[in-house]
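Per chain, numbering begins at 1; letters A, B, ... match sequence-line order.
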Amino acid sequence: MVQNSEPKPLLEIKDLAITFSTPDGPVNAVRNANLTVMPGETVAIVGESGSGKSTTALAAIGLLPSNGEVSAGQILFDGEDISKASEKRFVELRGNHIGMVPQDPMSNLNPVWKIGFQVKETLKANGLAGSNPKQRVAQVLADAGLPDPETRMNQYPHEFSGGMRQRALIAIGLACRPRLLIADEPTSALDVTVQQQILDHLDTMTSELGTAVLLITHDLGLAAERAEKVIVMYKGQVVESGPALELLRNPQHPYTKRLINSAPSLAAQRGDKHEMAVDEVVAEKSEPLLKISNLTKVFDIRKGFGRKEKFTAVDKVSFEIPKGTTTAVVGESGSGKSTIAQMVLNLLDATSGDIVFDGQAIGKLSERELFKYRRRVQPIFQDPYGSLDPMYSIYRTIEEPLRIHGIGNQASREKKVKELLGQVSMPASTMHRFPNELSGGQRQRIAIARALALQPEMIVCDEAVSALDVLVQAQVLELLDELQRELGLTYLFITHDLAVVRQIADNVCVMEHGKLVEQGTVDEIFENAKSDYTRNLLSAIPGASLI
Amino acid sequence: MPENQNQNPEAGLPISKIRAGKVSKYTIPHFVAPLDETPLQGVDAVKETGKPLSMWAEAWRSLRKRPLFIISALLIIVVIAIATIPGLFTSVDPTSCYLEFSNEGPSSGHPMGYNFQGCDVYARAIHGTRASLMVGIFTTIFVVLIGGTIGALAGFYGGWLDTILARLGDIFFALPMVLGAIIVMQLPAFRDNKSVWTVIVTLAIFGWPQVARITRGAVLEARDADFVKASRALGLSRGKSLLKHVIPNAMAPVIVVATVNLGVYIVAEATLSFLGLGLPFEVMSWGNDISSAQSQLRNNPMMLMWPALFLSVTVLSFIMLGDAVRDALDPKSRKGN
Amino acid sequence: MLAFTLKRFLQLIPVFIGATLLVYFLVFATPGDPISALSGGKPMTPAVESALRAQYNLDQPFWVQYGLYLKNLVTLDLGMSFSGQEVRDLLARAFPVTARLAVMALAIEAVFGIFFGVIAGMRKGKAFDSTVLILSLIVIAIPTFVLGFVLQFVVGVKLEWAKPTVSGGATWGELILPAVVLGLVSFAYVLRLTRTSIIENKQADYVRTATAKGLSRGRVINVHILRNSLIPVVTFLGADLGSLMGGAIVTEGIFNVPGVGNLLYRAILKGETPTVVAVVGVLVIVFVLANLIVDMLYALLDPRIRYA
């Protein structure tokens, strides 16, 4: 608790409990939460999805969903309890006392109004538009780092990139110089380099304005780097809180320890690696299983009136994957990395170049050879909610590849399904369930089991762990690693997250705008990156210099 | 994509700051919650309690608790029973009419009285159920088969096929169903062969584009799902992945629209019959009865009200069913308005 | 915006040609001789028959026939009715009546549908919402002609609040009752569409952000929820203008309104095929134009469309 000699806290949450009424009865989303934010201070709440971190923050600005309410405790803003404040009081507070920067830049701007209008109404609502609102709007947008604000303010959100939209949202959140800014995962939808610049800018602005920030994030490394104080939430409760660096270096609660051990951004810095690295010598000697040379993919983009434009998604990319190793292809959105995965899986035809798998060029396979090839190369996709057919039971899902390829009979297939479930550490009883009953991580494990059913030699993981919470992500990565050691699998691992790469890959290919900018072993890339782009990517990993 | 044209202001800027973390000027206590308060649970453990439920089973569970569903389902069962075995509900012969009873009010055994020709209104309404229901059901079947197939092919294969089918749909859309049906039904070929089936064919001709549009949208959505890509990578052919994965996942909105439309087709048939262009006059149907009752509206309004009530309740029960099914399948859905 | 309008206009041309071709094909290429239909099946002399054939270009190949029909349609040369009147003149008299009726019906469904839809959507799950929802289903379930008769009987005959039928002049006042009947079913659809749209937008992220900016509740509703929710409703209303013209056949028949629907219906009953084809052709033009207006309104309301 805060001592008397210190100044009054700006925000003080005491024994807060938040309850949601659902058709299945009340759910306690937050219990006994305590936290204080001092004026001008940045406090980060860290937790997995469902930990109650966003709910706690939203309660402080009176934006709980309609079925949620503060059922106990106090939220003191500048000494005033606003936990039960009227809507009218909140309208007064929002904007000029408490501002917010939301998570998803794509859905948080009204698509039918110009950016300038959306900033202007913020200023007007809080009586800060002044005599020349246009100029104020331009100023506010310029402050948020948006270039050419006079033109930009007359554009609609869909004309902006994700990073620019987030800047517009930051402009809106800080337009009325609030004393407290609630930033709810403000950059988790953005590429790392964009994320870093936006957070840097937010830092500068809030320290200039003296704004306190309540930062909600799932990334402990990011929290430690950006905040003075970190609060760790787990299952609706605060399990640990304290000075950021101390908490990071000396975690006390087992959950915090677990989180720190699993966070890829921190692990990357420690140089944690799976044991496969030991076999690297072996890997280098072995034959390349997959050989990609001069691979190019050009898309036609229709522009209306029959006009077409060519867009080169993948531009003369060449690399090899030695048998039994993991090669990661890393890049930001639009780098062409997923297009490569789709071509390797033969879901897309290459415009030119070759993909040679085990000595066979896959572009020229006959229908029958392609069918055989499919058996040897299997995918795991990103979205755990989209990669399993919701109509199929888990048993049918895993059995489907066996059935397609006519392997075994009913009884042997059932035995195989049980065996596969065991391999991905799922109880055999899961096979009667349906995807909608499983969590994201569990679905991803089922997707792995399905991929393993045909005993493939290579698995293409397209952002396979990107949508998962850190602990679950670590678990799935470990599983992939184990399977590689047991079965001698080869992985092509597509990801935007360089931090994850260090945990899983042997070799790394870095891509930018369809081109391969750099390739090498994990150590070469992490310790001695040659290109500026790779170095930028590396230094943008949050928490880079903290451990 | 206009977004690609905007130069990215973030790209290519040098990384200037080295972030070393922040230290507060206030003393911050290090709080650790007692472990027994929030016991650590296994990461991502599988819940093994509760019965496994498929999406349909789950929808069914929520459906059977909805009053709207219960009422409409019961009504539909009654209507189907009336249509299949009208003899169960009335023993009066609807075709034996006595002019001496013309326009007479209700009497024992004849709860709804007589019409102008002296036929029993109740018996006629009961026996008229079959024609309406047949038109509703068979039109729906044809429309779903034609519209569903065309929509699914257009959505799944895209390209020129989609363009052609979309334009074809637009062309039919430019003619509202009732107007189109009126034109077709007055053609000599149809006018001289009026029957339940000509009405069904006519309504199906103008009804399919709507179902095609909805199926196309649903298929388009399911087509790009990762599980379809995954099934292709497992070795399933395009056609088979359409049949086994895409179509089952695109069914929900089609089922909803089909249910609602069943009611709409019944109304359309009644409207055509009312205009004298639908079912032949010999076929007992609500639309025909309403049509012949209109001349007597001022003397005997109930003669029109009774068949109208049968018609409206039947249509209402299908529309309610569709509404309930929509809510159960996807509370947020607004497909097919 | 100009390029967009032009593009949409060009896209409508094949739709127009296709729809008229469809009608023409249905009428003239199906079994059954339109000439014998012309005479109502009565025998006629070969001379009369061939004269009629020539008049309707039936002695020409199908494509020539259709081309002539299209040319006549575009130049509004619609031929003569059996009673010897120019179809164009008949239409010129009937069209304003139906237009008035349709505009009134559209206004009724838009005003009341949106009003009740917004209230229901804002109070989702409350008593008002549930009642309105059930009532709207009932309205949709009752066929227009039943509604027409009931209202005509109750309001016109029993209560005598309005004249049960419309005079030749078809004044605005006389058309209120038919317009209510014509617009009622669509009113229910507008209401439901507005409601779902409001409910969806209420939960949108940008609405939460707008609230977080410190806007008053009224402003959030008017500027952010309503504006976005009305986009699909406006689209529906525009498309509905077309179906109102079709629905007018029934309504105009019941209330004896001297409009296009009535004209068409009589022509159908009399078997005046050329008149039917001509009137329907004009209606298709109206639908297609209504579609164009919808597209433009859509683009006006939703900036994302303009670039699509």
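In this structure, no portion of A:T256 lies under 4.5 Å from any heavy atom of chain B. Heavy atoms closer than 4.5 Å to chain B are found nowhere in A:S393, neither backbone nor side chain. Contact annotation for A:Y392: only side-chain heavy atoms (C-beta onward) come within less than 4.5 Å of a heavy atom of chain B. Contacts of A:R258 with chain B are made by side-chain atoms alone, with heavy-atom separations under 4.5 Å and no backbone atom involved. Heavy atoms closer than 4.5 Å to chain B are found nowhere in A:D462, neither backbone nor side chain. Heavy atoms closer than 4.5 Å to chain B are found in the backbone of A:L388, but not in its side chain. Using a 4.5 Å cut-off between heavy atoms, A:V377 contacts chain B through its backbone alone, with no side-chain atom that close. Interface residue A:N436: only side-chain heavy atoms are found under 4.5 Å from chain B. If you measure heavy-atom distances from B:K244 to chain A, the contacts under 4.5 Å come from both the backbone and the side chain.
Contact detail for A:F434 and A:P390: the closest heavy-atom pair is CD2-O, 4.0 Å.
Of the listed residues A:V230, A:V238, A:L345, the one with more heavy-atom pairs under 4.5 angstrom with chain B than any other is A:V238. Heavy-atom pairs under 4.5 Å with chain B were tallied for A:K235, A:E41, A:E240; the largest tally goes to A:E240. Taking A:R375, A:M391, A:Q252, A:R450 one by one and counting their heavy-atom pairs under 4.5 Å with chain B, the maximum is reached by A:M391. Of all the listed residues (A:P243, A:G242, A:P401), the one sharing the greatest number of non-hydrogen pairs under 4.5 Å with chain B is A:P243.
Between A:E48 and A:L471 the shortest side-chain heavy-atom distance falls below 4.5 Å. Contact of the A:T193 side chain with the A:L537 side chain is registered, since non-hydrogen atoms from C-beta on lie closer than 4.5 Å.
A donor-acceptor contact under 3.5 angstrom links the side chains of A:T36 and A:K229, judged on distance only. A donor-acceptor pair shorter than 3.5 Å can be found between the side chains of A:Y533 and A:E332.
Ionic pairing of B:R216 and B:D162 is present here: one or more N-O contacts between side-chain nitrogen and carboxylate oxygen are shorter than 4.0 angstrom.
In this structure, B:H245 and B:F227 have tilted ring planes: the angle between them lies in the 30° to 60° band.
For the pair A:R152 and A:F160, the distance from NZ or CZ to the six-membered ring centre is under 6.0 Å and the angle to the ring normal is within 45 degrees.
The distance between the ring centers of A:H253 and A:Y234 does not fall below 6.0 angstrom.
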